[in-house]
Amino acid sequence: MRTFNEKVWELTKKVPKGKVSTYQEIAKELNCKAYRAVGYALNKNPFAPIVPCHRIIKSTGEVGGFAHGSKKKIMMLKKEGIEFYGDKIKNFEKILFKFK
DNA sequence: CTAATGACATTTG
DNA sequence: ACAAATGCCATTA
């Protein structure tokens, strides 16, 4: 059956390169406010390289956490053309991908 | 079934 | 504006 986690991964896969999304947006798309569960799902995500989990950040514009270290996450995002103010995303609202 | 956990978000001091 | 406390939901033990 399609678990909550699978839905999360599926939405995460839809985020285009060079853009990011938030845990909150994903939760909302699933008709709930389980941002916590979303993070949990991505952490336990068995499709580590398949799903672009690094494109999911906090609603505040901070990168949040990452299984291999937040530092790595930032590096990967930078590689995709995303700019940073230290640990915070630059032009956050402009590169934010919305599902709706 | 109950308790604990976590890559969060929002409110409060 | 920043840091701490509180609330949140699904998953796991």
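FYI, side chains are in, hydrogens and waters are out, and symmetry mates aren't considered; it's all heavy atoms of this structure. Chain naming here is simple, since letters A, B, ... match the order of the sequence lines and numbering starts at 1 in each.
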Query raised in the report: Touch check for A:Ala37, heavy atoms < 4.0 angstrom, all strands: base, sugar-phosphate only, or nothing?
Result: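 Contact class for A:Ala37: base.
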Return yes if some donor-acceptor pair links the side-chain N/O of [X] with the main-chain N/O of [Y] below 3.5 Å, else return no.
X: A:Lys73; Y: A:Ile56; result: yes
X: A:Thr22; Y: A:Lys58; result: no
X: A:Ser70; Y: A:Gly64; result: yes

Query raised in the report: Quick one: on DNA chain B, does A:Thr60 or A:Val38 contact a more 5' nucleotide (nearest heavy atom)?
Result: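 In this pair, the answer is A:Val38.
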Requested in this report: Measure the shortest side-chain to side-chain distance between A:Tyr23 and A:Ser59 over non-hydrogen atoms and say whether it is less than 4.5 angstrom.
Outcome: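 Heavy-atom side-chain distance check fails, nothing below 4.5 Å.
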**Report entry** Partner of A:Glu80 by salt bridge (charged side-chain N to carboxylate O under 4.0 Å, His left out), out of A:Arg55, A:Lys19, A:Lys17
**Finding:**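 Considering A:Arg55, A:Lys19, A:Lys17, a salt bridge (charged side-chain N to carboxylate O under 4.0 Å, His left out) with A:Glu80 is found only for A:Arg55.
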Query raised in the report: Starting at CD1 of A:Ile57 and ending at P of B:dG6, how long is that distance when rounded to a whole Å?
Result: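 Rounded to the whole Å, the gap is 22 Å.
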Query raised in the report: Could you state the CG-P distance from A:Asn31 to C:dC9, rounded to the nearest angstrom?
Result: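 Going from CG in A:Asn31 over to P in C:dC9 covers 13 Å.
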Can you identify which nucleotide, out of [options], has its nearest atom closest to the [X] side chain?
X: A:Lys58; options: C:dC9, B:dT5, B:dA9; value: B:dA9
X: A:Tyr35; options: C:dT11, C:dG7, B:dA7; value: C:dG7
X: A:Asn43; options: B:dA9, B:dA7, C:dA10; value: B:dA7

**Report entry** A:Asn45 versus A:Trp9, closest heavy-atom pair with distance
**Finding:**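 Reported closest heavy-atom pair: CB-NE1, 3.4 Å.
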Can you tabulate the close N/O pairs, meaning under 3.5 Å, that link protein atoms to atoms of nucleotides 2-6 of chain C?
none

Query raised in the report: Do A:Lys44's NZ or CZ and the ring of A:Tyr40 fall within the cation-pi criteria of under 6.0 Å and 45°?
Result: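 Output yes; distance and angle both within limits.
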Query raised in the report: Taking DNA chain C as the partner, which of residues 2-23 of chain A come within under 4.0 angstrom of it by heavy atom?
Result: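 Going residue by residue through residues 2-23 of chain A, the ones with a heavy atom under 4.0 Å of DNA chain C turn out to be A:Phe4, A:Asn5.
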Query - Which residue lies more 5' along DNA chain C, comparing A:Lys44 with A:Ala34 via nearest heavy atoms - result: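 In this pair, the answer is A:Ala34.
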Query raised in the report: Salt bridge check: are A:Lys7 and A:Glu29 linked by an N-O gap of less than 4.0 Å?
Result: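 No, this pair does not count.
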Query - side-chain N/O A:Ser59 vs B:dT10 OP1/OP2, d < 4.0 Å - result: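 Affirmative; the distance criterion is met.
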Query raised in the report: Do any side-chain nitrogens or oxygens of A:Gln24 fall under 4.0 Å of OP1 or OP2 in B:dT10?
Result: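 Yes, because at least one side-chain N or O of A:Gln24 sits under 4.0 Å from OP1 or OP2 of B:dT10.
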Query - From CA spacing to verdict: side chain to side chain contact (heavy atoms under 4.5 Å, CB included), A:Phe47, A:Cys53 - result: CA-CA 9 Å; A:Phe47 303 99; A:Cys53 15; over 6 Å; no
